[in-house]
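First listed ligand is number 1; within each ligand, the first listed atom is number 1.
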Amino acid sequence: MEKIVILTGAGISAESGLSTFRDEGGLWAQHRIEDVATPEGFARDPALVQGFYNARRVKAAKAQPNAAHEALARLQRDWSGEVVIVTQNVDSLHEDGGADSVIHMHGALSGALCAACGHRWTSPPEMAVGERCPACAAPSARPDVVWFGEMPYHMNTIYDHLSEASIFAAIGTSGQVYPAAAFVHEASLSGARTVELNLDPSTGASSFDQVILGPATETVPRWVDGLLAQR
Ligand code: OAD
């Protein structure tokens, strides 16, 4: 049974209207990473950080999954082996498009985390500064997203999947953020065929066996059709 492991990034949600980070006009052109995506930034100015994620939560709630998200859900349903989707995205468009058990390595906008005791719960649409944790009552609610300097989630599970992958695909990610950027090497070492699907070649494009360029809503359904036709 061939296992397919898929890593997705902001590019897969771009055609659903959600901003990427490093493209022209992307989120990191408008906000400083150290201000809105680090624990130090949150400690310095929680209102700025909560405002940034509240705005992203509002936009993400209005976004619809696109043909690329739906094609990956179809692959999960119709492939004879296992299809594991690992995403760096904090939106829920894979799930909204019908995917199952998506691994959110950078957390999710739908989650709240207590910075004091580590308790997790569902985030309200707008998280207020100093919102209290329902478990320990500390005024320490934060978005349950992974910031720079923090360990991404589910890493052991992800490395286990990569070690068993027959096919590894990276979709819509610039390959500039580790550890995700190194997954292609892990998968190659395990003997997987590797493919990148992206608008432009990523930083690590030369590490892949195959690179397919174009918008995800076109390339991903075509790639999925090809895989399912081969079976
Ligand atoms: P980036 O913004 O770094 O890269 C987005 C990639 O998507 C680029 O390579 C684009 O060429 C590509 N792209 C844009 N539109 C596309 C489309 N329509 N179809 C296909 N590809 C398209 O976003 P990520 O790689 O996801 O982390 O960024 C990785 C991490 O960096 C994020 O999870 C976030 C960020 O800082 C944290 O905040 C911890």
Side-chain angles (χ1 to χ4, degrees), residues 6-42 48-50 52-53 55-57 59-60 63-72 85-94 97 102-111 113 142-155 158 168-184 195-208 210-224:
I6 297 168
L7 169 72
T8 66
I12 198 167
S13 297
E15 290 165 85
S16 293
L18 300 183
S19 300
T20 62
F21 295 93
R22 296 175 181 80
D23 292 307
E24 210 180 314
L27 288 170
W28 295 158
Q30 300 162 45
H31 307 270
R32 282 165 21 117
I33 290 180
E34 45 289 31
D35 289 342
V36 297
T38 62
E40 295 78 15
F42 184 60
L48 180 78
V49 176
Q50 294 288 19
F52 175 71
Y53 289 97
R56 289 183 66 196
R57 208 176 285 112
K59 271 204 95 175
Q64 298 295 321
N66 64 46
H69 299 105
E70 285 162 2
L72 295 186
I85 300 175
V86 179
T87 188
Q88 299 166 91
N89 298 343
V90 292
D91 63 54
S92 62
L93 294 179
H94 283 300
V102 177
I103 300 177
H104 280 271
M105 64 178 289
H106 287 169
L109 288 169
S110 57
L113 167 69
R142 56 165 277 184
D144 191 7
V145 301
V146 174
W147 286 327
F148 286 88
E150 296 180 328
M151 181 63 86
Y153 299 153
H154 314 297
M155 290 311 297
I158 296 170
F168 171 74
I171 302 175
T173 177
S174 62
Q176 294 197 37
V177 175
Y178 286 82
F183 289 174
V184 60
V195 54
E196 164 167 302
L197 296 97
N198 213 23
L199 198 55
D200 309 300
S202 73
T203 312
S206 62
S207 305
F208 289 83
Q210 187 188 5
V211 176
I212 301 172
L213 297 181
T217 56
E218 291 173 20
T219 58
V220 178
R222 212 182 306 131
W223 175 68
V224 166

Backbone of Ala10 reached by a side-chain donor or acceptor of Asn89 within 3.5 Å: yes

Heavy-atom check, side chain of Leu72 versus side chain of Ile12, under 4.5 Å: yes

Top protein contact for atom 32 (C) of ligand 1, by heavy-atom distance: Phe21 CE1, 3.5 Å

Short side-chain to backbone donor-acceptor contact, Thr219 and Leu213, under 3.5 Å: no

Under 3.5 Å: N/O of Pro215 near N/O of ligand 1: no

Close-contact set for ligand 1 against Thr173 heavy atoms, below 4.0 Å: 6 (C), 9 (O), 24 (P), 25 (O)

Protein heavy-atom partner closest to atom 28 (O) of ligand 1 - residue, atom, separation in Å: Arg22 NH1, 3.2 Å

With sequence neighbours excluded, residues passing side chain to side chain donor-acceptor pair (under 3.5 Å) with Asp91: Ser13

Any His106 heavy atom less than 4.0 Å from ligand 1: yes

Per-residue contact class, Val146 against ligand 1 - non-hydrogen pairs under 4.0 Å: backbone

Val36 and Leu48, any side-chain heavy atoms less than 4.5 Å apart: yes

N/O donor-acceptor pair under 3.5 Å between Glu34 side chain and Gly41 backbone: no

Backbone N/O of Pro39 and side chain of Glu150: donor-acceptor pair under 3.5 Å: no

N or O pair under 3.5 Å between Glu15 and ligand 1: yes

Nearest neighbour in protein (non-hydrogen) for atom 36 (O) of ligand 1: Trp28 NE1, 2.9 Å

Protein contact of atom 10 (C) of ligand 1 - nearest heavy atom, named by residue and atom, plus distance: Asp23 OD1, 3.5 Å

Enumerated ligand 1 atoms positioned under 4.0 Å from heavy atoms of Gly9: 26 (O)

Test item: Ser202 and Gln176 side chains (from C-beta on) under 4.5 Å apart, heavy atoms: no

Top protein contact for atom 26 (O) of ligand 1, by heavy-atom distance: Ala10 N, 2.8 Å

Plane angle bin for Phe183 and Phe168 - parallel if under 30°, tilted between 30 and 60°, otherwise perpendicular: perpendicular

Which segment of Gln88 sits under 4.0 Å of ligand 1 when only heavy atoms are counted: both

Gly175 N/O to ligand 1 N/O under 3.5 Å: no

Parallel, tilted or perpendicular, as decided by the 30° and 60° cut-offs, for the rings of His94 and His69: perpendicular

Residue pair Leu7 / Met105: nearest heavy atoms and the distance that separates them: CD1-SD, 4.2 Å

Per-residue contact class, Ala216 against ligand 1 - non-hydrogen pairs under 4.0 Å: both

side-chain contact (heavy atoms from CB on, under 4.5 Å) between Phe21 and Gln88, worked out: CA-CA 12 Å; Phe21 295 93; Gln88 299 166 91; over 6 Å; no

Atom 12 (C) of ligand 1: nearest protein contact (heavy atom, Å): Asn198 OD1, 3.2 Å

Ligand-residue contact atoms, ligand 1 with Ala14, heavy atoms, under 4.0 Å: 15 (N)

Close-contact set for ligand 1 against Gly172 heavy atoms, below 4.0 Å: 5 (C), 6 (C), 7 (O), 21 (N)

Protein contact of atom 21 (N) of ligand 1 - nearest heavy atom, named by residue and atom, plus distance: Leu199 N, 3.2 Å

Protein heavy atom at shortest distance from atom 13 (N) of ligand 1: Gly11 CA, 3.6 Å

Nitrogen or oxygen of Trp147 less than 3.5 angstrom from that of ligand 1: no

Per-residue contact class, Val177 against ligand 1 - non-hydrogen pairs under 4.0 Å: side chain

Glu196 side chain to Phe208 backbone, donor-acceptor under 3.5 Å: no

Ligand 1 to Phe148 polar contact by distance, N or O atoms, under 3.5 Å: no

